[in-house]
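What you see below is based on every heavy atom in this structure, not just the backbone, and it leaves out hydrogens, waters and symmetry mates.
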Amino acid sequence: MSAKLTEGAWALLVALALLATPALAVLPDEQLPDPVLEARARSISAEIRCVVCQNQSIDDSDAPLARDLRLIVRERLKAGDSDDAVKSYLTDRYGSFVLLKPPFQWDTALLWLGPAVVVLLGSLGIATLLRRRRVAETVPLSAAEEAALDALVERKSP
């Protein structure tokens with residue numbers, strides 16, 4: 001009985017492991033016969049964003065546009081383009097947005113610097129809030145308390 005439970009547990013683990021692997025959308029008819037070119041195509045495809053799915057590479061996307069982009073990558077590689085030339089070809093048509101890691105340029109500066117600006121503004125806001133709270137907690141002395149304090153200071157001074 002426990003052996004069946006163990007086999008069932010293994011089957012469940014294998015099923016979960018298969019579900020956890022990334023879904024690669026590259027179909028067999030898209031793959032290039034040359035393994036070196038295919039490896040380059042897969043590497044480039046992993047860096048190109050699916051403009052339909054967003055935050056998913058064209059290598060992982062099942063969208064028809066992603067398939068078209070994967071075919072373009074392979075056509076450019078078969079034509080003899082370098083990896084950079086293929087990426088340049090795609091960015092000329094879709095902009096830097098098509099790259100999952102866009103270069104630092106004037107039009108992507110907000111993308112790169114935006115999180116740092118948000119953290120800086122948040123830190124300044126929290127510091128200002130804490131400073132105001134500290135000032136608000138300070139209560140001035142009443143006239144009677146000031147007189148008592150002055151009397152204590154005069155009594156201790158020589």
Side-chain angles (χ1 to χ4, degrees), residues 1-140:
M1 182 77 173
S2 65
K4 284 188 175 184
L5 186 61
T6 304
E7 290 173 4
W10 276 107
L12 179 64
L13 285 175
V14 169
L16 290 174
L18 290 174
L19 289 174
T21 57
L24 301 176
V26 178
L27 300 174
D29 64 330
E30 298 174 18
Q31 295 181 355
L32 297 171
D34 183 0
V36 175
L37 277 182
E38 180 59 27
R40 285 178 55 202
R42 298 296 295 269
S43 174
I44 293 170
S45 295
E47 297 176 17
I48 304 297
R49 178 189 318 270
C50 175
V51 293
V52 175
C53 304
Q54 296 192 5
N55 294 332
Q56 192 174 26
S57 72
I58 60 172
D59 204 39
D60 297 332
S61 175
D62 290 328
L65 183 58
R67 175 182 163 80
D68 293 344
L69 291 175
R70 288 192 302 266
L71 292 175
I72 289 172
V73 167
R74 284 165 174 78
E75 286 173 10
R76 301 306 311 167
L77 288 175
K78 283 194 292 187
D81 284 359
S82 68
D83 294 2
D84 290 337
V86 173
K87 291 177 194 173
S88 176
Y89 181 86
L90 293 172
T91 54
D92 288 346
R93 280 141 188 87
Y94 296 98
S96 296
F97 175 77
V98 77
L99 299 174
L100 283 172
K101 289 183 182 177
F104 185 79
Q105 298 169 342
W106 68 269
D107 59 338
T108 60
L110 183 62
L111 178 69
W112 284 99
L113 300 176
V117 170
V118 168
V119 168
L120 181 65
L121 291 175
S123 298
L124 288 174
I126 289 172
T128 303
L129 184 69
L130 291 175
R131 176 179 263 172
R132 285 184 184 170
R133 178 179 285 176
R134 213 175 290 145
V135 170
E137 290 175 356
T138 306
V139 179

Might you confirm whether atom CG of Leu130 has over 12 heavy atoms from other residues, nucleotides or ligands at distances under 6.0 Å?
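It does: Leu130 CG has more than 12 such atoms within range.
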Tell me, please, which residues at least two apart from Arg70 pass salt bridge (Lys or Arg N to Asp or Glu O under 4.0 Å).
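For Arg70 the salt bridge (Lys or Arg N to Asp or Glu O under 4.0 Å) partners, ignoring immediate neighbours, are Glu30.
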Non-neighbouring partners of Asp83 that pass salt bridge (Lys or Arg N to Asp or Glu O under 4.0 Å), sequence neighbours left out
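Residues passing salt bridge (Lys or Arg N to Asp or Glu O under 4.0 Å) with Asp83: Arg40.
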Got a second to check how far Leu69's CG is from Cys50's SG, nearest 0.5 Å?
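Nearest 0.5 Å value for the CG-SG distance: 7.5 Å.
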Can you tell me how far the CZ atom of Phe104 sits from the CG atom of Leu111, to the nearest 0.5 Å?
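That separation rounds to 10.0 Å.
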Could I get the full list of side chain to side chain donor-acceptor pair (under 3.5 Å) partners for Asn55, not counting sequence neighbours?
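Partners of Asn55 under the side chain to side chain donor-acceptor pair (under 3.5 Å) test: Arg49.
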Can you list everything that forms a side-chain contact (heavy atoms from CB on, under 4.5 Å) with Ala46? Sequence neighbours excluded, please.
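side-chain contact (heavy atoms from CB on, under 4.5 Å) check on Ala46 returns nothing, list empty.
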Measuring only between side-chain heavy atoms, which start at C-beta, is [X] closer than 4.5 Å to [Y]?
X	Y	value
Val73	Tyr89	no
Ser61	Val52	no
Leu77	Asp34	no
Ile48	Leu100	no

Sort and list the pairs that fulfil salt bridge (charged side-chain N to carboxylate O under 4.0 Å, His left out) and have at least one residue in residues 91-103, not counting sequence neighbours.
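Qualifying pairs: none.
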Contact list for residues 72-81, test salt bridge (charged side-chain N to carboxylate O under 4.0 Å, His left out), sequence neighbours left out:
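Sorted pair list: Glu38-Arg74, Arg76-Asp81.
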Looking at every heavy atom in both Ser45 and Ile58, which two are closest together, and how far apart are they?
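Reported closest heavy-atom pair: O-CG1, 3.4 Å.
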Measure across Ser96 and Asp107 and return the closest heavy-atom pair with its distance rounded to 0.1 Å.
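In this case the closest contact between Ser96 and Asp107 is OG-OD2, 4.3 Å.
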Using modelled atom types only, decide if a donor and an acceptor are shared between the side chain of [X] and the backbone of [Y] within a distance under 3.5 Å.
X	Y	answer
Thr108	Pro103	yes
Ser88	Asp84	no
Thr128	Leu124	yes

